[in-house]
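Notes for the one structure printed next.
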Number of protein chains: 2
Amino acid sequence: MRPAPLPGDDLEGVDTPALLVDAESFDRNLAMMAALAARGGIALRPHAKSHKTPVVAQRQIAAGAVGICCAKLGEAEVMVSGGVADVLITTPVVGRHKLERLARCAHLARMAVVVDSPANLAAVAEAIESAGTSLDVLIEVDVGQNRCGVRSAQEAIALADIAARCPRLTLRGLQGYNGAIQGVPVRATRHDAASASLDILREVAETLRTRGHDVKTLTGGGTGTIAIDIALGGLTESQAGSYIYMDSSYRRLDWEDGAPIPFATSLSVLSTVISRPTRDLAVLDAGWKALSSDAGVPSLAHPWAEEVSFGGDEHLKVRLNADGRALRVGDRVAIIPSHCDTTVNLYDHFVLMRDDRVEQVWPILGRGRSD
Amino acid sequence: MRPAPLPGDDLEGVDTPALLVDAESFDRNLAMMAALAARGGIALRPHAKSHKTPVVAQRQIAAGAVGICCAKLGEAEVMVSGGVADVLITTPVVGRHKLERLARCAHLARMAVVVDSPANLAAVAEAIESAGTSLDVLIEVDVGQNRCGVRSAQEAIALADIAARCPRLTLRGLQGYNGAIQGVPVRATRHDAASASLDILREVAETLRTRGHDVKTLTGGGTGTIAIDIALGGLTESQAGSYIYMDSSYRRLDWEDGAPIPFATSLSVLSTVISRPTRDLAVLDAGWKALSSDAGVPSLAHPWAEEVSFGGDEHLKVRLNADGRALRVGDRVAIIPSHCDTTVNLYDHFVLMRDDRVEQVWPILGRGRSD
């Protein structure tokens with residue numbers, strides 16, 4: 001519905017609020033992560049929840065990714081429809097109707113899904129059996145997130161035993177994802193937490209192997225821990241996603257020897273100053289409906305702000321410092337989202353900019369597909 | 001993109017997460033607010049930011065509303081395309097391209113827009129003049145929100161004088177909206193704040209009138225203050241919007257003589273239990289991408305929760321009380337959003353339920369239209 005700019009337009013042709021991607025930073029992030037994973041001997045399966053866009057998934061695969069992750073079935077349907085050939089759904093898929101949809105995807109692509117309960121696994125097996133297709137499953141293990149996932153090796157064994165009795169299911173391995181530690185700024189703290197999570201996952205894997213189960217894949221991790229995961233060894237596959245865009249939360253991380261995280265911020269929300277009611281206040285046309293707030297307030301790309309605060313559904317309030325006071329009604333201001341995934345989910349397309357021109361417009365076909 | 005259920009389906013046919021509207025509560029809220037406004041002698045111009053849906057706007061108008069408010073031009077375009085004949089845009093519209101779009105709307109419907117700066121007002125006048133159409137303007141006055149709006153009667157006079165010199169513009173009146181006070185639970189506190197806001201607005205109106213300007217409309221207020229606004233007198237038009245749906249923030253309000261707010265919760269997000277990893281924990285398939293978090297965590301429609309917390313983009317974690325422990329994987333759970341406006345903006349359609357059947361599906365055509 002929202003009108004899209006045209007390739008070749010300059011920034012003036014882009015109406016606000018708009019979700020911009022800086023092509024140069026994006027390309028660099030893509031190449032840098034591909035090289036990091038290749039050098040580290042870890043398969044890269046980027047999480048598509050960060051972009052929800054088949055065009056972006058295809059670029060990641062062209063750069064060497066083995067496939068992609070999706071958080072939900074709806075997202076996976078969009079990716080499979082966009083020709084992505086290898087998808088792991090990282091959340092249990094529950095309900096008869098959804099399992100029929102999953103089976104349809106399994107006819108089109110190499111699909112895998114995580115499971116963490118016997119009832120759900122039995123339902124998955126039945127749906128795949130009656131559709132006459134096949135599917136890989138991974139057992140989700142809670143490694144500290146306290147969300148989904150089995151809490152013990154015993155539970156994992158029970159699931160692996162069920163899977164082994166289903167000819168159309170293949171146990172691919174385990175998923176252990178600890179999202180909360182991805183954004184921990186201090187590397188040493190992040191390292192210890194990632195190490196503790198990995199220990200849990202490895203112990204479950206070993207127990208399953210001693211019971212004769214083939215556990216090839218240990219998948220998990222993210223942008224915040226990939227260098228640590230490589231150094232620790234153990235994970236066979238990283239689910240890093242945010243690296244392509246980055247956000248102000250990830251920008252806070254240190255990386256190695258005190259150096260900052262090497263991925264550049266490529267994502268921004270372009271906004272317009274719609275009011276300058278006092279000397280120090282600028283009101284921008286982007287509020288909660290244009291910028292997610294789950295990770296706090298966003299920041300400005302330029303050093304003009306003493307303070308940034310939401311002013312409701314459609315307003316962002318900026319208390320300006322001396323440098324910012326020249327801002328006038330109609331001026332454009334770039335905003336760095338505090339959380340890329342949830343901000344992306346508010347938009348219908350990305351506007352890819354190179355050399356101050358629109359290069360491409362990418363439809364976010366997975367937007368809103370939490371189903 | 002998201003597959004929609006069909007009228008006649010039962011709840012099992014509705015895939016989750018889904019945005020449900022209880023038809024009975026919705027109808028009652030609609031009628032109750034219409035009666036309240038009519039009895040109080042205040043025009044009702046409901047804010048469409050709460051629903052972003054032409055079908056709903058038409059129902060409000062059929063129930064007696066004089067027109068609707070839109071927060072943004074993109075929202076207004078959707079409403080005008082849906083046949084809504086009278087729209088007030090409650091945020092300044094800035095930029096050449098946007099003003100051309102505004103002029104196109106003014107060819108199709110009776111349009112009004114708020115202004116708060118001379119430069120913007122001059123640009124509005126120029127766009128309307130060159131399009132050969134006409135437009136009403138209202139001067140936005142800051143009445144305590146500290147967002148957009150003129151800060152003094154002198155600034156309002158300057159704007160009114162400019163408008164008076166533009167033959168295609170008509171000064172309709174003033175807007176003074178104090179969003180922050182709408183959700184104040186205690187009526188006496190809310191009353192005093194609304195009264196202070198109204199005093200500011202009335203003083204500016206009086207000053208303009210003594211200068212010979214015709215100030216017919218004083219518009220503002222919301223669901224939280226409409227009864228107070230009626231009792232105080234002064235506002236000619238209320239912008240209440242949330243009353244049709246309600247959310248857990250508004251549910252906290254007292255109304256009159258200690259009685260609770262009379263509007264019923266008609267909006268909920270239907271979710272599915274996707275994991276029951278421990279005795280006390282249920283994980284639902286609705287996170288930040290299915291429920292807004294700007295007003296805090298949502299609540300469950302049933303008294304099953306000791307505590308509700310977000311578990312990321314796609315998960316809601318519920319610590320269950322003794323009553324909730326019977327919940328199993330696959331069970332459906334209704335969630336009450338903490339903020340209706342921003343939750344609605346995540347979905348492509350409402351599912352209207354009556355007697356446990358899908359009655360209608362309403363496309364949310366204004367979703368994402370912050371432009």
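Since we're looking at a predicted model, the values are computed, not measured. Per chain, numbering begins at 1; letters A, B, ... match sequence-line order. Just so you know, these numbers use all the heavy atoms, side chains as well, and skip hydrogens, waters and symmetry mates.
Heavy-atom pairs under 4.5 Å with chain B peak, among G311(A), A71(A), G149(A), at G311(A). In terms of non-hydrogen atom pairs under 4.5 Å with chain A, the most contact-rich of H315(B), K49(B), R151(B) is H315(B). Each of V283(A), T342(A), N345(A), D294(A) has some count of heavy-atom pairs under 4.5 Å with chain B, and the biggest count is that of D294(A). Of the listed residues K98(A), E12(A), R101(A), H97(A), the one with more heavy-atom pairs under 4.5 angstrom with chain B than any other is K98(A). Between chain B and the residues H339(A), R328(A), E155(A), the most heavy-atom pairs under 4.5 angstrom are made by H339(A). Highest contact tally toward chain A, considering only S275(B), G74(B), A119(B), G287(B), is held by S275(B) [criterion: heavy-atom pairs under 4.5 Å].
For chain A, the nearby parts of N146(B) are the backbone and the side chain; heavy atoms of each come within less than 4.5 Å. Both the backbone and the side chain of R147(B) come within less than 4.5 Å of a heavy atom of chain A. In this structure, the portion of D116(B) lying under 4.5 Å from any heavy atom of chain A is its side chain and not its backbone. Contacts between L281(B) and chain A at a heavy-atom distance below 4.5 Å involve the side chain alone, from C-beta outward. When heavy atoms are compared at a cutoff of 4.5 Å, R332(B) does not approach chain A at all. Looking at V115(B), there are no atoms closer than 4.5 Å to chain A (heavy atoms on both sides), in backbone or side chain.
Using a 4.5 Å heavy-atom cutoff, the side chains of S293(A) and S293(B) are in contact.
Taking both residues in full, the closest heavy atoms of L346(A) and R367(B) are given as O-NH1, 3.5 Å, listed atom of the first, atom of the second, then distance. Looking at every heavy atom in both residues, E314(A) comes nearest to S370(B) through OE1-OG, 3.0 Å.
In this view, T343(A) and S292(A) satisfy the side-chain hydrogen bond (donor to acceptor under 3.5 Å, both in side chains) rule, not counting sequence neighbours. For D313(B), the side-chain hydrogen bond (donor to acceptor under 3.5 Å, both in side chains) partners are K289(B), not counting sequence neighbours.
Distance check, rounded to the nearest 0.5 Å: CG of D15(A) to CG of L73(B) gives 8.0 Å.
Paired with V94(B) under the rule side-chain contact (heavy atoms from CB on, under 4.5 Å), one option of V329(A), D331(A), V273(A) passes, and it is V329(A).
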Decide side-chain contact (heavy atoms from CB on, under 4.5 Å) for D285(A) and K72(B); before the verdict, give the C-alpha distance in whole Å, the side-chain angles of both, and the deciding distance to 0.1 Å. CA-CA 9 Å; D285(A) 64 345; K72(B) 290 289 193 75; 3.9 Å; yes

